[in-house]
K.L.:
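Below: one structure in structure tokens.
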Amino acid sequence: MRKLPREFYLSKNTAKIARDLLGKLLVVPDDTAGRVSGMIVEVEAYLGQADRAAHSFGGRRTARNEVMYGGGGHVYVFFVYGMYYQLNIVTGPAEHPHAILIRGIEPVEGIEVMWERRGKMKDTNLTSGPGKLAIALGVTHELNGADLTRKHIWLEEYRSLEKKEIKVGKRIGIDYAGEDAEKQLRFWVKGNPFVSKPV
DNA sequence: CAAGTGATTAGC
DNA sequence: CTAATCACTTGC
């Protein structure tokens, strides 16, 4: 399959790109194990300057979030709670610091490697959360800033979803964001067991 | 349900 | 410089 082109990431309609990410295949090749991949089943949009929940709220620009300003089609990886990496996809043109957090994937290729990295457990617990899937895919700070049109990580077409298969709700873990916490910016595949917190 | 963990940030 | 915080997960 072909990598999604740069154009896919350049729209300023971040919520639309977030919905379109559902059903795409996220691929992270491994030197020895080959392709490790999963279908995206849950995402959250972060709308830059105007969004209290975003790292780039109010135009905040630091060493950590610098890649959010570098243009769509790059990966923003950051570290939280002293243990977990979070994988985001930067969208829009340069200087438009929006991003989409990947919160859940359904394993497709390389599930053996995921078990090695995560430990033996129920498959639905392997990748049903942003911290979990980063471990399963081997995503660390080394991938921060990686280009999704190159060879370290990318997206492919995989499954096309009907509108009625997609659910929308509030984002998770951002209660500090006040009224922005109420925004309907979390999207997931209805009934999929790899969604972190089904509703 | 609460602890764990350390980079990052804001505030002096 | 120091202290508080955090796009989470796991095990009690």
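Atoms considered below: every heavy atom in the structure, side chains included; atoms not considered: hydrogens, waters and symmetry mates. Chain identifiers are assigned alphabetically (A, B, ...) following the order of the sequence lines, protein sequences preceding nucleic acid strands; residue numbering begins at 1 within each chain.
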K.L.:
Considering Watson-Crick and G-U wobble pairs with both distances under 3.5 Å, what does C:dA7 pair with?
P.N.:
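Because no pair has both required distances under 3.5 Å, C:dA7 counts as unpaired.
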K.L.:
Could A:Arg61 and A:Tyr69 be counted as a cation-pi pair, given that NZ or CZ must be under 6.0 Å from the ring centre and within 45° of the axis?
P.N.:
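Flagged: A:Arg61 positioned over aromatic ring of A:Tyr69.
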K.L.:
Whole Å only: how far is the CG atom of A:Asn88 from the P atom of C:dC8?
P.N.:
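From A:Asn88 CG to C:dC8 P: 11 Å.
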K.L.:
Can you confirm whether or not the ring centre of A:Tyr46 sits under 6.0 Å from the ring centre of A:His98?
P.N.:
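Centroid distance A:Tyr46-A:His98: not below 6.0 Å, so no.
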K.L.:
Under the rule syn = chi within 90° of 0, otherwise anti, which is B:dA7?
P.N.:
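Base orientation: anti.
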K.L.:
If you compare every side-chain N and O of A:Arg103 against the phosphate oxygens of C:dA7 (OP1, OP2), does one of them come in below 4.0 Å?
P.N.:
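Checking A:Arg103 against C:dA7: no side-chain N or O falls below 4.0 Å of OP1 or OP2.
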K.L.:
Within the structure shown, what part of the strands sits under 4.0 Å from A:Leu101 by heavy-atom distance: base, sugar-phosphate, or nothing?
P.N.:
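A:Leu101: base contact, heavy atoms under 4.0 Å.
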K.L.:
Answer yes or no as to whether B:dA7 has its base stacked against A:Phe79, where stacking requires a ring-centre separation under 5.5 angstrom and planes under 30 degrees apart.
P.N.:
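Check failed, A:Phe79 does not stack on base of B:dA7.
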K.L.:
Report which part of the nucleic acid A:Thr62 touches: base, sugar-phosphate, or nothing (heavy-atom distance under 4.0 Å, all strands).
P.N.:
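Sugar-phosphate only.
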K.L.:
Measuring only between side-chain heavy atoms, which start at C-beta, is A:Val27 closer than 4.5 Å to A:Ile153?
P.N.:
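No, their side chains stay 4.5 Å or more apart.
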K.L.:
Write down the distance between CD (A:Glu66) and P (B:dT9), rounded to a whole number of angstrom.
P.N.:
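Interatomic distance, CD of A:Glu66 to P of B:dT9: 11 Å.
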K.L.:
Base, sugar-phosphate, or nothing: which does A:Arg171 touch, judged by heavy atoms less than 4.0 Å apart?
P.N.:
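It contacts nothing in the nucleic acid.
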K.L.:
Scan A:Ala63 against the nucleic acid and name what it touches under 4.0 Å (heavy atoms): base, sugar-phosphate only, or nothing.
P.N.:
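No contact at all - A:Ala63 keeps every heavy atom at 4.0 Å or more from the nucleic acid.
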K.L.:
Just to confirm, is there a sub-4.0 Å distance from OP1 or OP2 of C:dC8 to any side-chain nitrogen or oxygen of A:Tyr81?
P.N.:
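Yes, such a contact exists.
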K.L.:
Between C:dT10, B:dT5, C:dA7, which nucleotide gets closest to the side-chain atoms of A:Met83?
P.N.:
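For A:Met83, the side-chain atoms sit closest to B:dT5.
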K.L.:
How close or far is atom C1' of C:dC8 from atom CD of A:Glu42, stated in whole angstroms?
P.N.:
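After rounding, the reported distance stands at 13 Å.
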K.L.:
Expressed in angstrom and rounded to an integer, what is the separation of A:Asn65 atom CG from B:dT9 atom C1'?
P.N.:
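Distance check: A:Asn65 CG to B:dT9 C1' gives 11 Å.
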K.L.:
Checking all strands, does A:Arg52 fall into the base, sugar-phosphate, or nothing category for heavy-atom contacts under 4.0 angstrom?
P.N.:
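Answer is nothing: A:Arg52 stays at 4.0 Å or more from every strand.
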K.L.:
Quickly work out the A:Lys197 NZ to B:dC1 P distance and round it to whole Å.
P.N.:
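Rounded to the whole Å, the gap is 13 Å.
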K.L.:
For A:Trp115 and A:Leu126, what are the C-alpha separation, side-chain angles and deciding distance, and is it a side-chain contact (heavy atoms from CB on, under 4.5 Å)?
P.N.:
CA-CA 7 Å; A:Trp115 265 311; A:Leu126 273 178; 3.8 Å; yes
K.L.:
Can you check the A:Gln86 CD to B:dG6 C1' distance for me, whole Å?
P.N.:
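One finds 15 Å between C1' of B:dG6 and CD of A:Gln86, rounded.
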K.L.:
If pairing requires Watson-Crick or G-U wobble contacts with both distances under 3.5 Å, which nucleotide is the partner of B:dT5?
P.N.:
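Pairing partner: none.
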K.L.:
Would you indicate which nucleotide in C:dT10, C:dT9, C:dA7 comes nearest to any side-chain atom of A:Ala99?
P.N.:
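Given the options C:dT10, C:dT9, C:dA7, the side chain of A:Ala99 is closest to C:dA7.
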K.L.:
I'd like to know if the side chain of A:His74 pairs up with that of A:Tyr9 as donor and acceptor (distance under 3.5 Å, no hydrogens or angles considered).
P.N.:
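There is no such pair between these side chains.
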K.L.:
Rounding to a whole Å, what distance do you find between A:Leu47:CG and C:dA7:C1'?
P.N.:
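Rounded to the whole Å, the gap is 13 Å.
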K.L.:
So, is A:Arg118 close to the C:dT10 phosphate, meaning a side-chain N or O under 4.0 Å from OP1 or OP2?
P.N.:
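Result: yes.
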K.L.:
Closest approach of A:Ile17 and A:Ile100, non-hydrogen atoms and distance?
P.N.:
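The answer is CG2-CD1, 3.8 Å.
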K.L.:
Using whole Å, report how far CE of A:Met68 lies from P of C:dA7.
P.N.:
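Spelled out: CE on A:Met68 to P on C:dA7 is 12 Å.
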